[in-house]
Each structure stands twice: as C-alpha cells, then as structure tokens.
Amino acid sequence: MEIGLNHYLVLATILFGIGLYGVMRRKNLLMLFFATEILLNSVNIGFAAISHYYADLTGQMFAFFVIAIAASEVAVGLGLLIVWYKRHNSIDLDEMSVMRG
Amino acid sequence: MDVAYLIATVVKIVIILLVFSALAGFGTYFERKVLAFMQRRLGPMYVGPYGLLQIAADGIKLFTKEDIIPANVVKPIFKIAPVITAATAFMAAAAIPFMPSFTIGGYEVKPIVSDINVGLLYIFGVMGVGLYGPLLGGMASANKWSIISAARSAAVFISYEVVTGLSILAPVMMVGSLSLIDFNNWQIENGWIVMYQPLAFILFWIAAFAETGRTPFHLVANDHEIIDGFGTEYSGMRWGLFFIGEYANMFFISFVIPLIFLGGFGEGTFVDGLLFFGKMAFFFFFFLWTRAAWPDVRPDQLMWLCWKVLMPLAVINVVITGIVMM
Amino acid sequence: MFEAISFYLFSFLVIASFWVAVTTSQALYALTALAAGMILISGFYFTLGADFLGAIQIIVYSGAVLALYAFGMMFFDTTREVKEKKPNKAIVTTLAVLAAVLTVAIVAAPIVSQNIVALYPSVESVGNTQQIGVVLFTKYLVPFEVAAVMLLVAMIAGIVLAGKKMDISLTKLSESEIEKQNAEELV
Amino acid sequence: MEKYLYIALFAPLVSSLFSALFTAQKKKQFVGVIASLLIFTAFASSTVLLVHILNGGEPIHVTLMTWMATGGLNIPFGFVVDEVSVVMMMVVTLVSTVVHIYSNGYMDHDKSFNRFFAWLSAFVFSMMVLVMSDNYAGLFIGWEGVGLCSWGLIGFWYNKESATWAANEAFIMNRIADLGMLIGLFLVYWNTGTLQYEEAFAAFPGLDHATLVWIGIFLFIGAMGKSAQFPLHTWLADAMEGPTPVSALIHAATMVTAGVYLVIRSHPLYDLIPNVGLFIASLGAFVAIFAASMALVNRDMKRIIAYSTLSQLGYMFAAAGLGAYWVALFHLMAHAFFKALLFLGAGNVMHAMHDELDPFKMGALKEKMKWTWIMMTIASFALAGVFPLAGFYSKDAILEVGFVEHHYIIYTVLLVTAGLTAFYSFRLVALIFHGEDRYTLFGIHPHEAYKFMLWAMSPLLILAIIAGAFQHTFFELVEEALNAVHYHIHSHVTLWIMIIGTQAFVLASIFYAYKKYARKGIKVPDGTSETEQSFLYKLLYNQYYIPYFYDEYFVKPYRELSSIFWKKVDLKVVDATVDGIAKVLYSTGSATRGMQSGNLSTMLRWMVVGLVVLLMIAVAVGLAARYSAELSQFLAGLGV
C-alpha cells in the first residue's frame, strides 16, 4: 500500500479541523493557545509532505518559518497572558470582552 | 536484508535497554562508594563482597514496595511521568554509537540503533523531552514542593538547552555534520576537537550537569529545600524509574562528551575501544566527584550563570569560530 | 509496507492525542497530549525525509514551546480542572469539518491537475540538513533574518511584559526588605 | 506692465484674505487701514495701466494658467487690459478705494469691522476678475463671485431678519438670471467652440441669425438679473438693507453695472442683431421711467437713490441697445462717480440721524452738515444732468443718440424721465437739508461725519463735477474698441433747442421740487392727506404692486405646492424611505451586535464562519473556471 501525498493532506486537514474545533470550543485562553498550536502543526505536516512529494525544499522552509512564528507567538502571548492574569485574576475568554486595560 | 536489519535493530535495542538498566543500578553503587571514600568511610559493605549485592537488595526493595498513589494527584499523568524520564533517556541512546562497527559471520554490525544524519540534534531533542518527566510528575503530584521542583526543572532545562545547543554549534560547524560517527571520523584525521574548541568543551560539560540535574545544579530535587522535588510523592518502582532515567542520562552524556570532543573510539581498534570506555568512566566519575566536592548553587545563581556568562561565551565562541573558518 | 504501518500508526496516535488536547477539561491531560502529539508529528517528518525539521520540531515545540506553556500553567493555576462554558457543539463541529473539507478540496485541486512545479528540487547526494542550509541562506536569507528579528522582538516583548522587577532577587533580600517590597506593591 | 495687471488684480484678493484672518476677532483698526491701502495700490496700478492705454499702448494680455482643458474645451485663466476693461478697472478701483476709506469711519462702531473688509475686498477682487477676464468663463466666475459677495454684504447684519431676507432675495433672483446667462454661454460654446472673446466674436458673423438672437437674449437675461432690469428689479431696492458703503459700492458703481458691461463687452454680437438691441433699448427706456416714477413718492432715502440707480441703468441700456456702447460706458462711469457720492452722503446723513431713513423726519440739516449738504446737492445736480456737471454730458449724449437714431418714443420717455429724475433728487435734498428741522421731535442730535470721510469723498465730488470735460478724451480712447461714432444733430437749431429745452425742463423740475418740499410746515405723512389717498400715489408707493404680485402669484403658489410636496412626497415617500433604511440598518445592527460583543470566542467562531464562506466561494469559482466550457454549453442548452 503506497502512502501518497493525499494521505498526508487528508491527515493535515483532519488535524486542522481538530484545531479549529478547539479554537472555537475553548474558553480558556491557555487552552486556546494549545488549539492554535495544533493548527500550525497541521499546516506544517502539509508543507513537509508537499515538499517531499515534489522534491522541493520550499515547503520545509515554510514549515521552519511557521515554527519560528509559533515560538514568538508563545513568548509574546504568554507575556500578555501573565500581565492579564495579574490584573484580572482570570484568563477566561468570556471575561476578556473589555478593551480598556 | 530487511529481516536481518529488523532482527539486528531489535537485538541492539534489547541490549541497550538491559545493559543500561543494569548500569544505572551499578551507577548508584559507584556513587555511594565514591562518596563514601571521599568522606573517609566505607560505604555499602554488608551485602555481598564489598557490598556489591546492595544493588540487588535495592532492586528487590523497589520492585516489591507498595506503589502509593495519593488521592489528589492527576492519576494518568502521575503514572506515566517516571516512564517518560526513563524512556527518553533510552530513546536518546538510539543515535549514540557505543562502539566501532565490527563483523559477525559476514554481517557488519554497527553498534548504533539508527545513524540518522541529525544525530546530535536528535539526542539533545530527546534529552530535552526528558524534561517532561520531572515537569509532569511535579505538576500532577498535588504538592507544593513538587510544583516548585517542576517549575525549576522547566526553567533549567529550557535555559541550558540554549547553552548546550550553542556550545555544540562550533564543533558542528567545523565537522560539517550532525552525525556522531562523522564526528568520530573527522577526529581521526584532524585530532581531538577539544584542541580546537576548549571553550565549547567546557561549556558543554557544564551544561551537561544541568541537563542531568546533578550537583552543583541539583536544585530540581534538592533535599534540604524541597524534600525530593518532583519525586516527593513517588514510591516504589515509579520512583525507581526516575532514578534509572537520571543515571542512564549520566551514562549517555558521558558517552557523548568524548565522542564529540575527545576523539571518540578512534579507528576502532581494541586499544581505542578501551580508551573510549576509560574516557567515559572518567566523565561518569567526574559527576560523582563533583557531588562530593561541590555545594549546590541557588536557582538565581544558576540562571545568572546561564544567561549572563555561559550563553554570551557560547555566542562569542560561535562567532569567532565562524570568522576563523572563513 | 513499513511506511504505511508507521503512517497509520502515527496518524492514529496524533489524531487521538490532539483530540484529547482539544476536548479534555483536565489541563494536564491537554498539555501532555499536545506534547505527545508534537513529538509524534516529528515521526512524520522523519518518514518524509525531513530529518532536520523533525529534530527542530522536537527541540522547539516539545522542548521550548510546550515547556513554556507548562510554566504558564503553573502561573495561572490551571493545573487542575478547567471550567469552561460549552458553546453549541453542533455548530462548532460543523464549522470545523466544513472548513477542513473545503481546505482539502482547494489544496487537493491543483495537485490533482498536476500543475505544481518544483522550484528548488532537492539534490539526493547531499544531506537534508545541508540542503536546507543552502536554501535557507540563499533564497530565504531575507525571510530568515526577518524571522530572527521577529524572535528577538518577541523575546524582548515577553521579558518586558512578564518580567517586571526582574532585577530584584528575593533570595538575596533580607526578610524585612521583602516585607517592605510587598507593602510597596500593595500600594 | 504685466506686473501692474497682477497688482491690480490680486491686491484686493490679498486684502480680502488678510482681513479674513481676523474675522473672528474684535475690531482691529489696522485691518481697515491695510485693506484700504491695498485697494489703493490696485487703484494706483489701474491708473498706471490707464495711462499706458491712453498713450496708445497695446492692450495687455496675460494667461496665468490653464484652468480646464478637457477634450475640445480649453479655458485658461486669461486676463486682458484693453480700452474697455481699463475704464471699468478705474471706476471699480476708484470707487472702492473711496468706499474702503469711508468705511473705516462708517463701520467704526461695528463689531464685525474686520469681516466687513474681508467681504468688501473679496467683492472688489471678484469684480476685477469679471472686468479683466478675457473669456466668458472667467467673466462668469467673477459674475458669481460678485453675486456671492453681494449676498454676504447685503446680509452683513445677519441678525436682522430683513437683511438676511434681502440677501437671499438678491441671491436667488440673480441665480434665476444666471441660468439664462449660463444657457447663453453654453450656446456660445456650442456654436463657436470657444469662450474666448476674440475667437467667439470672430466666429459670430458666420452663425445664422436665429442662433445669434438666442445667444443675445440669453446673455441679456443674465445682464437683466445683475443690473436689476424689469421684471427682476425688486431685489435692488430691498438690497438697501446692507450697510450704506456697500450700497454705494455695489449697488451704484460696480455690481449692477456688470450687466451693462456684459452688453458692451459683447457688442460685436449685439451689432449683428439690431432687433434685440432695440428691445434692450426699449426695456431700458421703460425701466428708466418706471423706476423714476416709483422714486417720486418713496419715503426711504436709500430706496429713492436705489430707484434712481435703476433708472440710470435704464439709460445705459437704452444707449447700449441703440448701439451707442461708448455712450453707455461713459454714462456708466460718470454715474458711478456721482451716485457713489450720493450714497456716501446718504450714509453720512444716516449716521447723523441714527439710521433714520425717512426724509420727512429730517429737514434743515444743512446747518449741521454743511459739507454733506454741498456734496449731495452737487451730486444731485450731476444726476439731474445740469450743465456743466458730469451728468449733463453723459445724459445729453444718450438723449442725442435716441434722437439721431430716430427712436422718438424712446427719446421722449427718456426726456420725461430726466425731468422726473431732477424732481425726485431735489425732493430728497429739499426734505433732508432744507425747511425746518423735524428731527428734534424724535430727539436726534445730528453731527457732521468724520473729516477723513469727507476727504475720502472729495475725489468723487471733483470727478462728479469735471468728468464731463473728459468726454472727448474718453471717446478717443474707446473709439477703436467699440466702433464708436459721434452722434451729431446736424441742425444747430434743433441741437440748441434740445439742450436748452432739456435744461429748462430739468431746472423747472428742480425749482418745483424746492418749492414744494423746502417750505416750512411739512408734516410727516400719515396716510390721511388727499394725495396719499389717490390711486396714482398708492400705485407708485406700492411699487406698482409688483412685489405684491410676485408674492401672490409666485411665492404663495410655490409655497403651497411646496407644502403639498412636503406633506405628501417628502414625509410619506422620501422620509419614509430614509427612515426605513435607517431602521433596517438599526435593526441589522441590533441583530448582529452579538458578533461584536468583544468576546474573543464569539469572534473566533465568526472568523471561522467567514473562512468557510470564503473557501466556499473559492471552491465555487475554481469549479466554474475548471468547467467553464461545459458550463457555457449547459447554459446554452437552457437557452440563456
């Protein structure tokens, strides 16, 4: 049984769907971040697979940049989260509806 | 061919698992002995000749002791955390060549489970994953000391991974490969890397103490501060797994340091092999020696050392290496 | 054969762990499952010949990103049960499934009609890491530098946001000084 | 020379913008002084230009820049100083200089002193653009600018309702006429393909007669509005609500003459259509007597002068209509001097009488205001056309034109009007300055105006006296530009009979006016006397019931129509539609407000909805593109 590109793409899509489901369902900001990581990773799988099946490194490059973005997202996101938590003692999304700090 | 490859791989895995599990036990024995001698006492003496069977006694005790799981812990996580520690240590061993390759009955055996071309990165990645043992164990334990220990371990691992990675970068640049076998072969031709990269060697060595959580960086489970840290709530074989993981890690690091910096097993002659094990033994001994000779440092000193001393040094080292190579 | 087995095994494991990560109400489960999923994903990369990407996946995601999250969890007191309001499950599920199916339709369409052309075909004789190095420092040099600057900025932002009073070491202070510090903070 | 042109043109603009800087502030004396100086600069430049032209210099033509160039239409900001425009420039700048200086005194106590100068200078600038432009489009800009500034100046005291009403009336009436003007311009462009004077005039002889007639009529409609000819004359009398210097400047000397200027400027056109010219002349003669008759019984000092302006404009149109453009222009110039003088004198009186306008409430002011009396009397003599003052030469020339061209009806009408003019002018003078003082009853203590105001008026006084002497120079100046010819009555006997007869008639009228109104015992009319009960008096006093007629047959039906539209169309259709749209928006807003609650989770869900929709579109478009051939076949099968 040959594993083709479509197998990987379907897998990536399923993971992406799971990530989207998490993004929409989660109310806790930290959990929401988890879901976004899933989204990013699903895309990375797609990139890597295409890169492999077309013998082209561009896909992997994009995967690297996605990882870099994820890393900076964590740094800034967690920083903001800590600041928010210090002020409001909660990281529930439903309570984050006020724009004013 | 495929079947032979499969069989060979399985055999290698089994050997590594058995040998290093046993070595972990011996490691505790050695440690006790070394510490005792350094403190002018005898250490374990009663069980067997020179207390050698003490290992067996300890093993029996650990295996038979009741596996206590406190009421408030997050059970599945609590249960798998020690396994992670032990498993990642052995997973890292997959990319370490322990010996030069040899031939048995016309079949060439490479004493390495998988020579992937990002071997070094893989080793450090998997060792980094070993962080999850203390981390999850501490967080699942429902115990203040454990949580503090988990936080400390997260901080130490993340910080010192930077130093490890940066210090190893300069040798990697020189060799042009991430495979440890390539490192070995390069050093046959050009001499030991430690001659070119003494600073990287020292930095890596220091970082190795942090990666394995040994004294003087033993703050993760410092007895006098936080009892036993992440291990406080564990007992029996689960606690034993943490132990095995720690000692296995020490052994593997002791293999890796000579492989990278001190010529490895060279051309693979018998003398070279002996010499290699000698180097490994020295580094393992050095872990114990340090424990006997050095006090622990505080967490903030540790962070200070990492970010304000070691990391800048490592970066400078990489830059200088780059300039020289150009 | 091996490839198929490993693909289906890893797929099952990854999907399962990610599913646990998004559905469980126990934060520790989510963290553990996510970390497991990340490591398992690197398995795909190794099978796909992207060794370097796999190693980076393990080091960066599992080693750094999730460790940071774990660190955050200790701050936020979410190591136990996370209480969340549950939105309408049907809508959420439908939307997610629709989006996924449509994405795969779009992504698959050009592949089916064979109009992707390799821009930087990989050379078999050189290792993956070396190829990546070559491409990264030629074609993608500018994005690489931009990413580097972005990481630096993110690091500084993270430190500034989270690290108030980093220069004060409580361990070095005496008991009375700490109390003074606390009193000031309350004001 | 060009720089003088620029100075003359732009000094008023600078003055206006400078004054506009201070409009929101309290009175600043220097604003008035600087504005006056700048206008004087413009006057001096105009004088230089006049001297240049007088010495036989070439007309100066400059093109500032291209204003619009689209397709075949190319309109530059071009300006020209030739014999005609230089005369107008002199008149405008001279009168406005005097008025500016005068206003420093007149508007002394007004709190909107600075704003007044901003508007006044802007007006001068517009008028300069109007007279100096070398094409109809530029003229139209100036035309509209003049209209706008007159609106601002008539309604200067905007907290007075009557003033704002008068301003709006003037503005709206001018708009009605401007429509005609605009149609005329369109016709010019349509038929000749250009709006430049020279090119258009060169092209006119090639057009057929009917087209030229239409162009002439529509342009004249514009002129009728600006120059307040019947039936668009009502605004001029009402415009007296503005400050008196404004009346002097724009309703005597400059703005209302724009219409005459237009006709003079377009003389090659009107030369080609003498029948329209005759109509203009007839209308002018009619307006002359019509306005004079209304002035006979009016009891508002400024309105009397305004009607006299109207009447004199009629003279000008009569002359222009008969082809004697240079006579019309000459009368325009002479009239500007003595009429501005008259208005400024009236301003002095008003000031002295605390804005009392009824001459019946004045009397015997000559003791208190000697210089004003002298000036107004001389100005009235000039207006009446008494030898040897300016009015005599210009008005006599017009009468001669009528006679020589054998339009005896027009001649007779104008002659009678001359007598009426003399009568009402001196009725005013007699009532104001002679007889016994009636103002003490109203507790008023008049005083003479500031010295510098009188000094400022003196150039006008001198010119009102001596302007007639320049008739010959003037003729030579404009001879070529306007194809001027001398109108000579060949029989000397007839000429002398005419001149002496006219003078005698005029003097008799003056004498009668004095006799009737300078005596003692004049009462303030209360509507009870026999004269006031007579039909004629009522007819005249109510301005031939024309405002009433307008009110009854235009304004009221329009108002009723409007109220029908308001109630039926606006409220039920337009408002309902607008409200409906607002309601739809509002309800959409409240229905979708939930999306924008600021809740991140909700927003994320909507984001995914948007993503799904976009993806669907992408898939649909992709499929359509992929199967476009099959799709079009399928649609063709359906018969689409």
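Residue numbers start from 1 in every chain, and the chains themselves are labelled A, B, ... in the order their sequence lines are given, proteins ahead of strands.
Here the OH atom belonging to C:Y45 is positioned 14.0 Å from the NE2 atom belonging to A:H52, to the nearest 0.5 angstrom. Between atom CG of residue A:L30 and atom CG of residue C:L31 there is a gap of 8.5 Å, rounded to the nearest 0.5 Å. Going from atom CZ of A:F65 over to atom CE of C:M150 covers 9.5 Å, rounded to the nearest 0.5 Å. Between the CD1 atom of A:I38 and the OG atom of C:S17 there is a distance of 8.0 Å, given to the nearest 0.5 Å.
When each of C:G37, C:P143, C:A157, C:A148 is checked for heavy-atom pairs under 4.5 Å with chain A, C:P143 comes out on top. Considering only heavy-atom pairs separated by less than 4.5 Å from chain A, the leading option among C:Y61, C:F44, C:F144 is C:Y61. In terms of non-hydrogen atom pairs under 4.5 Å with chain A, the most contact-rich of C:L66, C:L136, C:I5, C:T47 is C:L136. Per-residue heavy-atom pair counts under 4.5 Å with chain C were compared for A:I69, A:L81, A:V10, and the maximum is reached by A:L81.
For chain A, the nearby part of C:L34 is the side chain; its heavy atoms alone come within less than 4.5 Å. Using a 4.5 Å cut-off between heavy atoms, C:V60 contacts chain A through its side chain alone, with no backbone atom that close. Neither the backbone nor the side chain of A:L32 has a heavy atom closer than 4.5 Å to any heavy atom of chain C. At a 4.5 Å heavy-atom cutoff, the contact between A:E37 and chain C is made by backbone and side-chain atoms alike. In this structure, chain A has heavy atoms under 4.5 Å from both the backbone and the side chain of C:A30. Heavy atoms closer than 4.5 Å to chain C are found in the side chain of A:L15, but not in its backbone. Contacts of A:L80 with chain C are made by both backbone and side-chain atoms, with heavy-atom separations under 4.5 Å. With a threshold of 4.5 angstrom between heavy atoms, A:I18 approaches chain C through its backbone and through its side chain.
Taking the side chain as every heavy atom from C-beta outward, A:R25 and C:V22 never approach each other to under 4.5 Å. Contact of the A:I14 side chain with the C:F18 side chain is not registered, since no non-hydrogen atoms from C-beta on lie closer than 4.5 Å. Considering only heavy atoms from C-beta on, A:T58 stays 4.5 Å or farther from C:V135 through its side chain.
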*Verdict with reasoning, A:N41 to C:Q57, per side chain to side chain contact (heavy atoms under 4.5 Å, CB included)*: CA-CA 9 Å; A:N41 269 285; C:Q57 169 82 12; 2.8 Å; yes
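Counting non-hydrogen atoms of other residues, nucleotides and ligands closer than 6.0 Å to CZ of C:F46 gives a total above 12.
Taking both residues in full, the closest heavy atoms of A:L78 and C:Y69 are given as CD1-N, 4.1 Å, listed atom of the first, atom of the second, then distance.
Ring-centre distance between A:F64 and C:F52: below the 6.0 Å cut-off.
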